[in-house]
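Predicted model only: the values in this text are computed from it and were never measured. Computed from heavy atoms alone, side chains included, the values below leave out hydrogens, waters and symmetry copies.
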Amino acid sequence: MIGRASHDYPFSKLLSYFMTHFAFFWRLVNRIGPLARWMNRRLINRAVQRSAGRPNPFSTLAEFTSWESLTDKTWFGRHLPPTRRISSRPLPAPDEIVKLFDRRRRNPHQPLESAKSTLLFPSFAQWFTDGFLLTDPKHRLQTHTNHDIDFSALYGLLKVETECLRLKSEQQGKRGRLKSRLIDSEEYAPAYFEDDGTTVRPEFKPLRPPLHLPPEWPAEKRQTIFAFGGERANSTSQTAMLNTLFLREHNRLAGLLESRNSEWNDERVFQTARNIVVVLLIKIVIEEYINHISPYYFQFLADPWAVESVDWNRPNWISVEFNLLYRWHSLVPNEIAWPGGAVLLRDWVFNNSPLTQYGLASAFEATSRQKAAALGLFNTPEYLLDTELASINQGRQANLGSYNDYRIAIGFPPAATFEDISDDPDICRELEKLYGEPGNVEFYVGLFAENSRPNAAVMAMIGRFVAIDAFSQALTNPLLSKHVFNAETFSPEGLECIETTGCLEDILNRNVANAVPAGTVTMRQK
């Protein structure tokens, strides 16, 4: 086993118990600024050090370490080296395993619901991770991300993509803006296609086309596709909703910066607004999204200098394990209550008309009212089972270690019985039928077979991996460096905006005509 495994599981259980109890104590800690920042640094450092840290000696390029495996970022990194299984029992066929995920085996009409999350949680997770967990669809051990949280969903991965999305005007009142248009007095991105719904507008030909958009897709739905930097930002109305929010925030900030700095040209206004928006995203990821995932009362902070001197502060490199564990398809409910009536979620694919018809505020409110489905086996909708199958095959193609290999690597004891994985007798029975013994269970299957944790949005292993990878990917962003995080980079008004933003609702209320009531836009059920 390669990697720095943790062996303090009893202490970890004690620490977890302490952090999930004594709410008054932890709320007091969060109110005392210096104490909160000290605790934040300690807990984040402890979370990330569950793994060996970057640079990973292996990537999906080869089974051994080479200069290319340490430098060629067209391949995924990996936490553990490839594993050649030694077992008298062959792995079950992927077509049999995918049945473990099928919602129809339990209740196709009413999926098991999450006890904590609203639909805003998986919507944000999909949109956020689609911006940097970019598997090459033709070579599934490779990626075309630059591995950074750079907001490519909005700005594009390449400069040529960014350039075609910019307004590029030195005219007063237009400097630094992204292209946009008004629909019913609300600001949205321009249309990607011409009015015929089939021809890409010439100005947007440098953009990567929407990934998996069927060629026979109806013209009336294709006409609703926005010109976004991310190839997946039009996947659903919810991903387009989040991208639209930050499009408006960028242009709002550009207007603010231009008004306060009349001597700045288009380029400086744009780049400064972009810097601010990227850091706003990181703040939301840590202070709303990660805190929602966590079962703890302590609220983590996006402290720009929290990890300045830690030994794991290394350039980002997405691991294949991190890419796989974010396949949270079972969180998707069958339908959502929308202003015009219930809508099947599968009808929202590549169709932004539900967003533009009722507006951004209504979209966020409805998404926040809808309960998410529960994460886990027997709860994936039928139309996403092919994606589950592809994930199973991707894990096998990468020769990932077993579920138990990864438990040991991040400090959990191995599962000795199927009941150590799940207390659901149906799940245990199916796992035993397919795998024979717990040591044969695959990483991807084991992630979603686990029991839910009290007050947590995800299972224990997923939660720990999210802590390891999300903190080490987000907080090592160059914009958070002590040499960069200053008024020169963001402007005084930009720093104030960053300081006063803690959740999506803050950004929404700056960008809609009528502010939503406090607590309306939330990942947590009321």
Side-chain angles (χ1 to χ4, degrees), residues 53-56 58-61 67-79 125-166 178 204 206-211 227-235 239 242-243 246-247 250 270-286 307 312-326 394 398 466 468-481 483-485 489:
R54 296 189 297 272
N56 294 315
F58 300 96
S59 78
T60 52
L61 170 65
W67 179 250
E68 285 80 8
S69 75
L70 293 171
T71 57
D72 185 352
K73 286 192 171 184
T74 62
W75 301 86
F76 286 109
R78 55 190 310 154
H79 284 284
Q126 178 189 359
W127 166 77
F128 168 59
T129 58
D130 278 353
F132 66 98
L133 297 182
L134 303 175
T135 302
D136 188 320
K138 295 181 180 178
H139 307 282
R140 298 191 63 80
L141 297 186
Q142 291 189 270
T143 176
H144 52 258
T145 179
N146 61 17
H147 298 266
D148 281 317
I149 297 176
D150 61 351
F151 226 138
S152 66
L154 182 60
Y155 299 109
L157 275 174
L158 305 174
K159 185 174 182 179
V160 65
E161 297 171 343
T162 308
E163 293 295 295
C164 79
L165 292 166
R166 290 177 57 178
L178 291 166
F204 298 127
L207 298 177
R208 287 161 295 143
L211 188 66
F228 282 146
E231 62 188 3
R232 306 180 191 196
N234 284 286
S235 297
T239 53
L242 285 152
N243 232 42
F246 283 91
L247 166 73
H250 174 99
F270 173 81
Q271 298 296 351
T272 305
R274 183 179 186 176
N275 290 344
I276 299 166
V277 169
V278 170
V279 174
L280 288 177
L281 173 60
I282 293 171
K283 279 207 75 177
I284 299 302
V285 167
I286 301 295
V307 304
W312 48 262
N313 192 337
R314 294 287 189 276
N316 284 2
W317 196 321
I318 302 297
S319 70
V320 65
E321 296 93 345
F322 190 49
N323 179 275
L324 279 171
L325 70 85
Y326 254 113
Q394 186 177 357
V466 167
I468 290 168
D469 281 301
F471 282 135
S472 68
Q473 300 282 349
L475 293 174
T476 54
N477 191 284
L479 286 168
L480 300 186
S481 165
H483 307 297
V484 177
F485 195 89
T489 300

Measuring from [X]:[atom1] to [Y]:[atom2], what's the distance to the nearest 0.5 Å?
X: His250; Y: Phe270; atom1: NE2; atom2: CZ; result: 5.0 Å
X: Leu70; Y: Ser59; atom1: CG; atom2: OG; result: 8.0 Å
X: Leu280; Y: Asn275; atom1: CG; atom2: CG; result: 11.0 Å
X: Thr60; Y: Gln394; atom1: OG1; atom2: CD; result: 9.0 Å
X: Thr74; Y: Leu141; atom1: OG1; atom2: CG; result: 11.0 Å
X: Gln473; Y: Leu133; atom1: CD; atom2: CG; result: 8.0 Å

Donor-acceptor contact below 3.5 Å, side chain [X] vs main chain [Y]:
X: His79; Y: Glu321; result: no
X: Asn243; Y: Ala153; result: yes
X: Thr239; Y: Ala233; result: yes
X: Arg54; Y: Arg314; result: yes
X: Arg78; Y: Ala398; result: yes
X: Thr162; Y: Leu158; result: yes
X: Thr145; Y: Phe132; result: yes
X: Asp136; Y: Gln142; result: no
X: Trp317; Y: Trp75; result: yes
X: Thr489; Y: Phe485; result: no

Residue pair [X] / [Y], side-chain heavy-atom distance below 4.5 Å:
X: Ile318; Y: Thr143; value: no
X: Asn146; Y: Asn316; value: no
X: Leu281; Y: Phe128; value: yes
X: Ile149; Y: Val285; value: no
X: Val279; Y: Asn477; value: no
X: Phe322; Y: Ile468; value: no
X: Arg274; Y: Arg166; value: no
X: Asp72; Y: Trp67; value: no

Any luck finding a side-chain donor-acceptor pair between Thr135 and Asn323 under 3.5 Å?
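A donor-acceptor contact under 3.5 Å links the two side chains.
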Of all heavy-atom pairs between [X] and [Y], which one has the smallest distance, and what is that distance?
X: Gly229; Y: Glu161; answer: O-OE1, 4.3 Å
X: Ser152; Y: Leu157; answer: CB-CD2, 3.8 Å
X: Ser472; Y: Thr476; answer: O-OG1, 2.7 Å
X: Arg140; Y: Phe76; answer: O-CE1, 3.9 Å
X: Pro137; Y: Leu211; answer: CG-CD1, 4.1 Å
X: Pro315; Y: Lys73; answer: CB-NZ, 4.2 Å

With side-chain contact (heavy atoms from CB on, under 4.5 Å) as the criterion, how do Leu154 and Leu178 come out once you've worked through the C-alpha distance, each side chain's angles and the decisive distance to 0.1 Å?
CA-CA 9 Å; Leu154 182 60; Leu178 291 166; 4.0 Å; yes
Sole residue of Trp127, Tyr155, Phe228 in ring pair (Phe, Tyr, Trp, His ring centres under 6.0 Å) with Phe246
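Among Trp127, Tyr155, Phe228, the one that satisfies the ring pair (Phe, Tyr, Trp, His ring centres under 6.0 Å) with Phe246 is Trp127.
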